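To keep things clear, I will list the structure first and then write my remarks on it.
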Amino acid sequence: LLMIKNIKILELFTLGFIFPFSIVIFNLSQYILIALWAVFIYALILYFVLYKRKVEFLNFFKFSLKEHKKYIFFIFIRWIIISVLLFFFTKYFFPEKLFFIQKNNQELLFKILFFYPIISAYPQEFIFCTFFFLRYSSLFIEDKKIIIMSAIIFCFSHIFALNFIAPLLSIFGGYFFASTYKKTKSLMIVSLEHALYGNTLFYLGLGWFFWGGSVGQ
């Protein structure tokens with residue numbers, strides 16, 4: 001048991017800190033999507049082969065609207081409030097980024113809004129919530145600690161963007177998402193919540209700090 005625990009700690013440290021740091025050190029930020037899917041596939045393999053969770057995986061796509069109605073309403077209200085705050089944050093601190101994509105490439109914006117939930121939000125939430133809670137919950141006695149650790153690693157995974165805005169916003173997002181997953185146990189709900197915030201950031205212009213623009217400088 002001690003060996004298994006040490007393996008999990010080493011794996012967590014490697015995937016959560018060494019791997020993101022290596023992407024920056026070796027200047028591989030432009031390949032972040034490939035890196036994300038590499039970790040996603042690794043997590044899927046462990047999930048199915050080691051934990052044999054095929055049935056549970058399919059159930060994560062289901063959720064009871066009646067059971068989680070109040071919490072879904074809370075998620076929606078929180079998203080509206082934070083979206084307004086993000087709008088004013090962008091307007092006053094980064095006015096040149098406000099509606100940046102709309103002004104330069106509206107077609108790209110539509111592609112991002114459609115593909116981001118599928119190729120980015122969903123695999124991230126499988127990694128940082130579904131897989132993370134299953135694989136590493138035994139390392140944490142309190143639920144609060146595993147939520148905080150998930151948020152910290154989610155934050156650190158965004159250092160590839162080479163600016164402080166992406167990790168700063170990600171620490172809050174990571175906490176929201178981990179809390180939502182802990183509350184609902186639904187990969188679908190947390191992925192949709194992540195998609196809401198991600199698309200909002202791109203729509204407002206702050207997405208520049210997470211993808212492409214800042215990395216390419």
Side-chain angles (χ1 to χ4, degrees), residues 1-26 28 32-63 67-68 71 74-75 78 120-161 164 166-195 197-198:
L1 291 178
L2 180 59
M3 180 179 294
I4 294 176
K5 180 179 180 181
N6 289 336
I7 289 174
K8 287 183 179 181
I9 292 174
L10 179 61
E11 180 186 68
L12 178 60
F13 186 75
T14 300
L15 293 177
F17 298 101
I18 296 179
F19 187 63
F21 191 66
S22 297
I23 290 175
V24 175
I25 291 296
F26 294 105
L28 299 173
I32 189 60
L33 196 57
I34 296 175
L36 167 63
W37 274 76
V39 176
F40 175 53
I41 292 172
Y42 172 80
L44 276 177
I45 292 173
L46 287 188
Y47 189 80
F48 288 125
V49 176
L50 192 61
Y51 293 97
K52 304 183 186 305
R53 295 299 184 96
K54 182 178 180 180
V55 175
E56 289 86 342
F57 178 77
L58 295 175
N59 288 337
F60 278 123
F61 287 96
K62 302 175 183 179
F63 65 90
E67 181 183 356
H68 300 301
Y71 197 78
F74 167 74
I75 289 173
R78 179 170 65 183
S120 185
Y122 162 70
Q124 285 186 67
E125 290 316 314
F126 180 83
I127 294 168
F128 294 108
C129 286
T130 301
F131 173 75
F132 189 91
F133 278 72
L134 175 65
R135 180 71 169 159
Y136 305 116
S137 59
S138 60
L139 300 178
F140 302 92
I141 299 176
E142 301 175 14
D143 290 344
K144 196 74 170 181
K145 290 183 179 180
I146 191 171
I147 290 174
I148 292 174
M149 180 56 69
S150 177
I152 291 173
I153 292 181
F154 183 76
C155 165
F156 201 78
S157 70
H158 287 80
I159 64 171
F160 76 89
F164 73 93
L168 175 64
L169 295 180
S170 294
I171 190 70
F172 294 103
Y175 184 81
F176 291 159
F177 306 148
S179 298
T180 292
Y181 184 78
K182 190 63 182 177
K183 179 73 175 181
T184 66
K185 295 295 189 296
S186 172
L187 175 60
M188 177 64 78
I189 292 177
V190 73
S191 294
L192 289 174
E193 182 182 25
H194 187 150
Y197 283 100

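Predicted model only: the values in this text are computed from it and were never measured.
- Residues I9 and L139 are in side-chain contact: their nearest non-hydrogen atoms beyond the backbone lie under 4.5 Å apart.
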Is there a side-chain contact (heavy atoms from CB on, under 4.5 Å) between F177 and K182 once you walk through the steps? CA-CA 9 Å; F177 306 148; K182 190 63 182 177; over 6 Å; no
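- I147 and F133 get closest at one heavy-atom pair: CG1-CZ, 4.1 Å.
- Note: W37 CH2 to S120 OG = 10.0 Å, rounded to the nearest 0.5 Å.
- Taking CZ of R135 as the reference point, atom CG of L15 lies at 9.0 Å (rounded to 0.5 Å).
- In summary, of the residues considered (L46, L44, L50, I45), a side chain to side chain contact (heavy atoms under 4.5 Å, CB included) with F48 occurs for L44 alone.
- Closest of all the heavy-atom pairs between A195 and A121 is N-CB, 4.0 Å.
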CA sep, side-chain torsions, deciding dist, call: T180, E193, side chain to side chain donor-acceptor pair (under 3.5 Å): CA-CA 9 Å; T180 292; E193 182 182 25; 2.7 Å; yes
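- Atom OG of residue S179 and atom CD1 of residue I148 lie 9.0 Å apart, to the nearest 0.5 angstrom.
- Nearest heavy atom pair, residue I171 against residue C155, reads CD1-CB, 3.7 Å.
- Ring to ring, F74 and Y71 are close: their centroids are under 6.0 angstrom apart.
- Put simply, the side chain of L28 does not reach to within 4.5 Å of the side chain of I34, judged on heavy atoms.
- Scanning both residues, F160 and V24, for their nearest heavy atoms gives CA-CG2, 3.9 Å.
- The two residues F156 and P20 have their closest heavy-atom pair at O-CB, 3.8 Å.
- The line from CD1 of I32 to OG of S157 is 7.5 Å long, rounded to the nearest 0.5 Å.
- Between F17 and I152, the closest side-chain pair of non-hydrogen atoms falls below 4.5 Å.
- Side-chain rings of F131 and F40 stay apart, their centers remaining 6.0 Å or farther from each other.
- S137 approaches I146 most closely through the heavy-atom pair CA-CD1, 3.4 Å.
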With side-chain contact (heavy atoms from CB on, under 4.5 Å) as the criterion, how do L10 and I7 come out once you've worked through the C-alpha distance, each side chain's angles and the decisive distance to 0.1 Å? CA-CA 5 Å; L10 179 61; I7 289 174; 5.8 Å; no
Please determine whether ring pair (Phe, Tyr, Trp, His ring centres under 6.0 Å) holds for the pair F154 and H194, giving the CA-CA distance in whole Å, both sets of side-chain angles, and the decisive distance to 0.1 Å. CA-CA 12 Å; F154 183 76; H194 187 150; 5.7 Å; yes
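- Although no hydrogens or angles enter the test, the distance criterion places a donor-acceptor pair under 3.5 Å between the side chain of S186 and the main chain of I189.
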As a quick check of understanding, evaluate ring pair (Phe, Tyr, Trp, His ring centres under 6.0 Å) for F132 and F128, giving each step before the final call. CA-CA 5 Å; F132 189 91; F128 294 108; 7.5 Å; no
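- In this structure, Y136 and M149 have side chains that are not in contact, with every pair of non-hydrogen atoms separated by 4.5 Å or more.
- Environment of OH in Y42: crowded, with over 12 heavy atoms of neighbouring residues, nucleotides or ligands closer than 6.0 Å.
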Using side-chain contact (heavy atoms from CB on, under 4.5 Å), reason through Y181 and E125 one step at a time and then give a plain yes or no. CA-CA 9 Å; Y181 184 78; E125 290 316 314; 6.0 Å; no
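- A 4.5 Å side-chain heavy-atom check between H68 and K183 finds every atom pair outside the cut-off.
- Atom CD1 of residue I75 and atom OH of residue Y197 lie 8.0 Å apart, to the nearest 0.5 angstrom.
- Within 6.0 Å of NZ in K5 there are 12 or fewer heavy atoms belonging to other residues, nucleotides or ligands.
- A donor-acceptor distance shorter than 3.5 angstrom exists from the side chain of S191 to the backbone of L187, with no hydrogens or angles considered.
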